[in-house]
**Student:** 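Please find one structure pasted underneath; my questions will follow.
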There are 2 protein chains.
Amino acid sequence: MKIGELSRATGTNIETIRYYERIGLLPPPARTDANYRSYGGEHRSRLSFVRHSRDLGFTIEEIRSLLDLSDHPDRDCGEADRIATRHLEQVEEKIAQLSALREELSRIIGRCRGGLAGDCRVIEALGDHGQCASPH
Amino acid sequence: MKIGELSRATGTNIETIRYYERIGLLPPPARTDANYRSYGGEHRSRLSFVRHSRDLGFTIEEIRSLLDLSDHPDRDCGEADRIATRHLEQVEEKIAQLSALREELSRIIGRCRGGLAGDCRVIEALGDHGQCASPH
DNA sequence: GCTTGACCCTGTAGTTGCTACAGGCTGCAT
DNA sequence: ATGCAGCCTGTAGCAACTACAGGGTCAAGC
């Protein structure tokens with residue numbers, strides 16, 4: 001199949017597919033006489049693997065390691081587990097950060113009752129140095 | 001004060017301060033005879049505003065709008081409220097996404113019992129097209 | 001047989017928000 | 001005088017794409 005078909009089949013931008021090839025995440029496919037890329041089922045499933053991993057937020061480097069393991073079924077699976085576990089921890093940390101951020105934003109927005117920017121609590125709160133809840 | 005002092009006073013990298021000036025987020029300060037940047041209290045509070053906003057995850061463009069409002073106290077504050085509210089929505093959406101992601105990662109990792117990569121549930125799950133809980 | 005339009009190719013530059021040099025000047029202490 | 005911290009400009013790098021510019025290829029329709 002040509003790159004456009006692979007693109008539709010996997011929901012991946014054409015430019016992104018070529019990018020993945022350029023950085024060595026996908027192997028260079030065969031070419032037609034017209035120098036068009038020609039992909040098979042293996043490329044397709046490899047790209048699906050990459051897309052799914054990206055959707056889960058793994059970095060390109062992490063995916064490289066995961067693909068490497070996937071290419072060597074005789075290796076120990078512990079590394080995959082470590083990568084995934086570390087990633088899960090990062091996701092949990094990010095959620096915690098964003099939750100704190102949500103609290104602060106809610107607090108700031110709750111104080112805005114319209115009017116002029118000069119009296120705006122949102123702008124005022126941003127100017128403060130981290131003291132957003134009024135002390136009493 | 002010189003750029004190093006401003007840097008320490010606001011917890012901002014020197015390179016970042018110059019970057020903010022370059023993109024027009026901070027006004028160019030006066031210069032000493034030796035062509036050193038010379039900042040006053042206004043620069044300091046403006047930079048604090050920027051840092052605090054960045055910590056809350058606002059983009060540079062959003063901060064540009066917020067600063068603009070802050071510079072014109074006679075304008076309507078509704079725009080600040082809209083920016084902050086939209087941002088809060090984005091944060092909430094991101095939290096929701098990450099929570100879903102956490103669930104999927106936990107599920108994937110829970111299935112790994114060690115062994116060889118060929119049997120690894122983590123790698124297998126990544127290869128699937130979104131069907132990670134086995135149907136039976 | 002010729003044109004139109006969809007598709008493909010390479011290579012490079014842009015995006016966001018910084019960060020990290022290289023290569024050179026200034027200011028102060030020893 | 002010499003060393004070192006601190007400052008200057010300008011450019012390049014990071015992640016992970018995305019968006020062209022400028023060209024080649026192929027099938028269909030007139």
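Naming convention: chains lettered A, B, ... in sequence-line order (proteins, then strands); numbering from 1 in each chain.
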**Student:** Once you round it to whole Å, what is the distance between C1' of C/dC8 and CD1 of A/Ile17?
**Tutor:**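 The distance from CD1 of A/Ile17 to C1' of C/dC8 comes to 12 Å, rounded to the nearest Å.
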**Student:** With a 4.0 Å cut-off, would you call A/Arg8 and A/Glu5 a salt bridge?
**Tutor:**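 No salt bridge links A/Arg8 with A/Glu5.
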**Student:** For the backbone of B/Thr12 and the side chain of B/Ser7, can you confirm whether one donor and one acceptor N or O come within less than 3.5 Å of each other?
**Tutor:**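 Here the side-chain-to-backbone pair exists.
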**Student:** What does the B/S/- profile of nucleotides 13-20 of chain C look like, 5' to 3', with a 4.0 Å heavy-atom cutoff to protein?
**Tutor:** ----BBBB
**Student:** Hey, are A/Asp81 and A/Arg86 close enough for a salt bridge, meaning a charged N less than 4.0 Å from a carboxylate O?
**Tutor:**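 A salt bridge is absent here (no side-chain N lies under 4.0 Å from a carboxylate O).
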**Student:** Do you know the tightest heavy-atom contact between B/Ala80 and B/Leu69?
**Tutor:**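 Of all heavy-atom pairs spanning B/Ala80 and B/Leu69, the closest is N-CD1, 3.4 Å.
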**Student:** Check nucleotides 4-7 of chain D for protein N or O atoms closer than 3.5 Å to its own N or O atoms and list the pairs.
**Tutor:**
{"unit_1": "D/dG6", "atom_1": "N2", "unit_2": "B/Tyr36", "atom_2": "OH", "d": "2.8"}
{"unit_1": "D/dC7", "atom_1": "OP1", "unit_2": "B/Gly4", "atom_2": "N", "d": "2.9"}

**Student:** Could you tell me whether B/Glu61 and B/Arg64 have a side-chain N and a carboxylate O separated by less than 4.0 Å?
**Tutor:**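 So B/Glu61 pairs with B/Arg64 through a salt bridge.
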**Student:** Salt bridge between A/Glu79 and A/Arg82, side-chain N to carboxylate O under 4.0 Å?
**Tutor:**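 Salt bridge present between A/Glu79 and A/Arg82.
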**Student:** Ignoring hydrogens and geometry, is there a side-chain-to-backbone donor-acceptor pair from B/Arg54 to B/Ile63 under 3.5 Å?
**Tutor:**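 Such a contact is absent between B/Arg54 side chain and B/Ile63 backbone.
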**Student:** Under 4.5 Å between side-chain heavy atoms, counting indirect links through other Ile/Leu/Val/Met/Phe/Trp/Tyr residues: same cluster for A/Leu6 and A/Tyr36 or not?
**Tutor:**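 Looking at the clustering, A/Tyr36 is in a separate group from A/Leu6.
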**Student:** Whole Å only: how far is the CD1 atom of A/Ile23 from the P atom of D/dA16?
**Tutor:**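 These atoms are roughly 8 Å apart.
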